[in-house]
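Have a look at the structure below, then the notes.
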Amino acid sequence: MVIMDKFIVRGGRALNGEISISGAKNVALKVMIASLLTDEELILHNIPQLRDVRFMLEVLKFLGVSSKQVGSTVILKNAHRQMSQIPLDVASSLRTSSMVLGPLLARYHTAVVPNPGGCRLGARPIDRHIDGLIGMGAQISYNSEDGYFYGNSDGLHGVDFTFVKNTHTGTETLLLAAVLARGTTILRNAAEEIEIDDLILLLNKMGGKICRKNNRVIEIEGVPKLHGAEFTVMSDRNEEVTFAIASALTNGSVIVKKSNRESLEPFLSTFKKCGGGAEEIDGTTTRYYKESALIATDVITLPHPGFMTDWQAPWAAFLTQASGVSTIHETIFESRFSYVHQLRKMGAQIDFYQPLVENPEAFYNFNWQDHQGKEQAIRIVGPTKLHNAVLHIDDLRAGATLVLAALAAEGESVITGIEQIDRGYEHIEVRLSKLGADIIRKGEELL
Ligand code: EPZ
């Protein structure tokens, strides 16, 4: 018998109270991979209790890394068994597992890693990661029969490498490789997402010599060995954006502790322009609320320091309550509107369109050949009163969007597929309930 969890949400209640932001998922997964780079203990604080974190611990266990969790602290110790293959079923549960390619090739000179493959956001290949590692002297082949990448090297050497386009985890994979490579690596057109700076902080604490220069250049001087370290992961800015929108959308007032406003500039300016309110209580505390009647805005998602693609789904739910016609143009992933069909079931007025783009290959962050002909933009007419519905979640951020919409809607909504939310939001229903939301998790027996 399979038990599938679902949320039952009774909407129409304002969120009020105080919550604390969890550690950033998109830092935690990478700093855990850094445990492969040393045989000494890595002590990581503020690690969120998420499905993806549990999956990553599973992947690292197959590679010889033992772990101990005490609350939000994870202690990792690499037994240096030089394991280098991850089982397909374990790795396929977590796209980020392919990033172990960097440390395994740098330190053990061999790696057998499943192709992370596409997901619900699109093809999501790792060609930019592979190109950089080959530039550092790795031989990497892909066997389409078994879906694995086979890599080996005589030890990696430094390289002057330019990314063809922005890649967040591609930049991180090469950092995790170059830190132990022979000689100096220069990464050009390197991503600037701030989660990368947290990884750089940790690697330098371990004895690495990494320096981010200006205009998207990172310089890494390879070192022969890295030692253990203790490190605290930054707050999750995607979670903070989700709670900020939840508060304004339900006409509430939510005080957020461990707030990281500096990392949210592109969001805060747009949020305030649209009618959202953000009051600075102190350096790490922000109160989010609705300042005035919401008005339509236009957003285009871009690599940092632009409006993040992870924010566009919750933002769409917010715009259903804004007066006028709003637009969202998604330029990072080729298929990141899975939630639109679900919001339409609640009464939202959203339609797709394709903006005129002169040179799509250069303009879009995904590889144009992966484009499946889908329109890359949506038009949202608001405000529309949302009503309850039975909803299904396809991906992590779409999941948060449907919860937000259900909180704002009249009536009782049922949301299935919530394991997707558990990947990226810690105990979301418990924390929302503490803010006054009427949301419960129910296990449903599927025959
Ligand atoms: C990271 O994904 C994040 N995931 C994403 O968050 C985030 O949306 C994204 O960066 C943008 O900031 C983690 O950090 C675990 P990319 P990543 O490489 O690194 C294409 C979430 O919800 N591309 O910057 O995979 C790719 O398909 C997740 O927490 C190639 O074609 O993003 C995408 O269309 C979702 N070849 C675009 O580029 C490559 O080799 C940007 O990808 C690499 C990327």
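Atoms within each ligand, like the ligands themselves, are counted from 1 in listed order. Small disclaimer: the values here were computed from a predicted structure and weren't measured. All residue numbers in this chain count up from 1 along the given sequence.
Taking distance alone, with nitrogen or oxygen atoms compared against 3.5 Å, T96 stays at or beyond that limit from ligand 1. The N/O atoms of H168, backbone and side chain alike, include one that comes under 3.5 Å of an N/O atom in ligand 1.
For atom 44 (C) of ligand 1, the nearest non-hydrogen atom of the protein is R128 NH1, 3.7 Å. Among protein heavy atoms, atom 11 (C) of ligand 1 sits closest to T309 CG2, 4.0 Å. Residue, atom and distance of the protein heavy atom nearest to atom 36 (N) of ligand 1 are D127 OD1, 2.7 Å. At the shortest separation from atom 27 (O) of ligand 1 among protein heavy atoms lies R124 CA, 3.1 Å.
In H129, the parts holding a heavy atom less than 4.0 Å from any atom of ligand 1 are both the side chain and the backbone. The parts of I332 lying near ligand 1 are both backbone and side chain, judged by heavy-atom distances below 4.0 Å. Neither the backbone nor the side chain of R423 comes within 4.0 Å of ligand 1, counting heavy atoms alone. Residue contacts with ligand 1, taken as heavy atom pairs separated by less than 4.0 Å, involve T167 via backbone and side-chain atoms alike.
Between the side chain of Y425 and the main chain of R397, no donor-acceptor pair closer than 3.5 Å is present.
Listed by number with element, the atoms of ligand 1 under 4.0 angstrom from any heavy atom of M308 are 12 (O). Atoms of ligand 1 lying under 4.0 Å from any heavy atom of F366, numbered from 1 in the order shown and given with element: 34 (O). Interface of R397 with ligand 1, defined as ligand atoms under 4.0 Å from a residue heavy atom, comprises 21 (C), 22 (O), 29 (O). Within the listing of ligand 1, atoms 21 (C), 29 (O) sit less than 4.0 angstrom from a heavy atom of K25. In the vicinity of R336, heavy-atom distances shorter than 4.0 Å reach the ligand 1 atoms 8 (O), 22 (O), 35 (C).
The 12-atom threshold is exceeded at NZ of K345, counting heavy atoms of other residues, nucleotides or ligands nearer than 6.0 Å.
Taking a 4.0 Å cut-off on heavy atoms, Q312 fails to register as neighbouring ligand 1. Distances shorter than 4.0 angstrom occur between a heavy atom of K30 and an atom of ligand 1. Residue contacts with ligand 1 include P125, since one or more of its heavy atoms lies under 4.0 Å from the ligand. Using 4.0 Å as the threshold, R95 has a heavy atom nearer than that to some atom of ligand 1.
Between E429 and R441 there is a salt bridge, since a side-chain N of the basic residue sits under 4.0 Å from a carboxylate O of the acidic one.
Results of the ring-ring contact (aromatic ring centres under 6.0 Å, His included) test with H329 over Y364, F307, Y353 single out Y364 as the only residue that passes.
Residues in residues 169-179 take part in these salt bridge (charged side-chain N to carboxylate O under 4.0 Å, His left out) pairs, two or more places apart or across chains: K30-E172. Sorted by first then second residue, the ring-ring contact (aromatic ring centres under 6.0 Å, His included) pairs that include residues 163-194, not counting sequence neighbours, are F161-F163.
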